[in-house]
Amino acid sequence: MIQINNLQKNFGEKKAVDIEQYTIEQGDMLGLVGNNGARKTTLFRLMLDLLQADKGSVTINDIDVCKSEDWKNFTGAFIDDGFLIDYLTPEEYFYFIGKMYGLKKEEVDERLVPFERFMSGEVMGQKKFIRNFSAGNKQKIGIISAMLHHLQLLILDEPFNFLDPSSQSVIKHLLKKYNEEHGATVIISSHNLNHTVNVCPRIVLLENGIIIRDIRNENNSAEKELEAYFNIGVEEEVAEEVTAEEVAAEPQETNSTPEA
């Protein structure tokens with residue numbers, strides 16, 4: 001469904017993204033993981049034509065995202081609260097988004113029903129603008145709006161951020177169900193390895209804008225490989241700290257001459 005070819009993005013002299021070739025198939029449920037600075041969000045912004053690449057292309061169903069906007073007809077995404085219209089109430093926002101895709105108010109109401117547990121009674125009927133909601137509830141509103149239309153491609157950046165444990169559990173179930181029921185391609189990024197491993201049968205490890213591993217995750221088999229990768233840096237830092245402490249603790253030689 002998605003083809004990345006020779007994609008490059010630079011910020012000044014620093015190369016932010018450099019992916020020679022990568023394919024995401026229709027129906028894949030893909031987790032994108034990496035440390036801070038791995039450029040996960042940058043890659044998403046390139047895929048959604050929110051950033052202009054310096055070189056290369058991203059095509060979605062053979063549509064170059066930079067040359068046509070037709071891919072938007074089957075793509076739902078939420079990157080951050082900049083996607084929201086914060087002077088609307090959640091109800092107004094959902095109806096507005098629904099209208100863009102030809103849904104009547106009754107149809108929007110029907111599609112919101114499966115999200116009632118996720119909203120926890122804190123989103124609808126609050127009689128306040130989106131800008132006045134907590135970060136967690138803004139996150140919920142954005143995720144729901146991206147999933148509302150049952151589109152064939154769903155892209156979510158850090159969907160577990162700001163959510164309480166119960167909401168994290170619910171959204172994992174909703175994402176799996178969305179993928180299975182609609183045959184949709186679902187791509188999420190996350191710092192939380194446990195959630196990603198639980199949800200995604202395919203996981204991509206990104207480092208400095210480069211895909212260094214493409215892991216098939218069967219029965220959470222990717223967990224050990226990912227933990228080993230992320231623990232390498234931690235173990236090296238701990239070893240360096242221990243060495244520094246040992247050096248500091250050693251008796252220091254002096255060059256002073258004893259008195260006669």
Side-chain angles (χ1 to χ4, degrees), residues 1-2 24 26-30 44-45 47-50 58-63 65 68-163 167-168 170-189 199:
M1 184 180 197
I2 300 175
I24 301 170
Q26 175 67 46
D28 272 354
M29 190 152 185
L30 182 76
F44 277 171
R45 290 186 177 279
M47 292 170 66
L48 295 168
D49 195 30
L50 298 173
V58 177
T59 59
I60 302 177
N61 281 354
D62 297 323
I63 300 169
V65 299
S68 171
E69 295 191 352
D70 289 348
W71 57 273
K72 294 181 180 179
N73 296 327
F74 49 82
T75 301
F78 182 68
I79 303 296
D80 54 41
D81 59 15
F83 276 51
L84 304 174
I85 304 175
D86 67 0
Y87 57 83
L88 299 179
T89 65
E91 291 90 339
E92 290 171 336
Y93 182 63
F94 291 142
Y95 293 143
F96 171 76
I97 294 294
K99 189 175 181 180
M100 289 176 61
Y101 288 85
L103 296 179
K104 298 178 181 178
K105 288 181 67 174
E106 295 78 10
E107 293 174 296
V108 172
D109 290 335
E110 184 178 340
R111 293 195 181 192
L112 287 172
V113 171
F115 296 100
E116 286 182 352
R117 186 180 171 200
F118 183 53
M119 291 187 283
S120 306
E122 298 177 345
V123 174
M124 304 293 281
Q126 301 304 302
K127 297 182 180 180
K128 61 181 181 181
F129 299 129
I130 291 173
R131 62 171 173 260
N132 296 323
F133 280 83
S134 67
N137 284 324
K138 286 179 182 177
Q139 185 84 341
K140 292 178 182 181
I141 294 165
I143 291 171
I144 293 168
S145 67
M147 300 175 69
L148 197 61
H149 311 295
H150 305 163
L151 301 174
Q152 287 301 296
L153 174 60
L154 177 66
I155 297 176
L156 300 175
D157 192 21
E158 298 287 354
F160 307 111
N161 271 7
F162 311 118
L163 301 182
S167 298
Q168 290 176 345
V170 172
I171 193 57
K172 284 195 291 184
H173 171 74
L174 290 172
L175 288 172
K176 286 181 180 178
K177 188 176 180 181
Y178 187 92
N179 171 253
E180 293 167 0
E181 289 189 352
H182 305 294
T185 304
V186 178
I187 309 173
I188 65 172
S189 74
V199 171

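In this chain, numbering begins with 1 at the start of the sequence shown. Below, each value reflects all heavy atoms present in this structure, side chains not excepted, and no hydrogens, waters or symmetry copies.
Taking every heavy atom of both residues into account, M47 and I2 meet most closely at CE-CD1, 3.8 Å. Here the shortest heavy-atom pairing between K176 and V199 reads CE-CA, 3.8 Å. Of all non-hydrogen atoms in L151 and F74, the two that sit nearest each other are CB-O, 3.5 Å. For Y178 against A146, the heavy-atom pair with the smallest separation is OH-O, 4.5 Å. Among all heavy-atom pairs drawn from F129 and Y87, the shortest one is CD2-O, 3.1 Å. Summarising the geometry of L48 relative to W71, their closest heavy-atom pair is O-CH2, 3.3 Å, with the distance given to 0.1 Å.
Side-chain atoms of N73 and Y101 include no donor-acceptor pair closer than 3.5 Å.
Under the side chain to side chain contact (heavy atoms under 4.5 Å, CB included) criterion, K104 pairs with E106, E107, not counting sequence neighbours.
Of the possible polar contacts, none joining the T89 side chain to the K127 backbone as a donor-acceptor pair under 3.5 Å is found. Formation of a donor-acceptor pair under 3.5 Å by the Q152 side chain with backbone atoms of H182 is found in this model. Under a 3.5 Å cut-off, the side chain of D80 and the backbone N or O of G82 do form a donor-acceptor pair. Counting only distance, with no hydrogens or angles, the side chain of N179 and the backbone of G27 share a donor-acceptor pair below 3.5 Å.
For the pair L103 and F94, the minimum side-chain heavy-atom distance is 4.5 Å or more. Side-chain contact between V108 and L148 is present, with heavy atoms from C-beta onward closer than 4.5 Å. Counting only heavy atoms from C-beta outward, the side chains of D28 and I187 never approach each other to under 4.5 Å. Between Q26 and T185, some side-chain heavy-atom pair lies under the 4.5 Å cut-off. With contacts defined as side-chain heavy-atom distances shorter than 4.5 Å, the pair Y95/D109 qualifies. Looking only at side-chain heavy atoms (C-beta outward), I171 and M147 come within less than 4.5 Å of each other.
Enclosure of atom CD in E92 by more than 12 non-hydrogen atoms of other residues, nucleotides or ligands within 6.0 angstrom is indicated. The environment of CD in E110 is sparse: at most 12 heavy-atom neighbours from other residues, nucleotides or ligands sit within 6.0 Å. Environment of CZ in R117: sparse, with no more than 12 heavy atoms of neighbouring residues, nucleotides or ligands closer than 6.0 Å.
The residue from K138, K140, Q139 that alone fulfils the side chain to side chain contact (heavy atoms under 4.5 Å, CB included) condition with F133 is K138.
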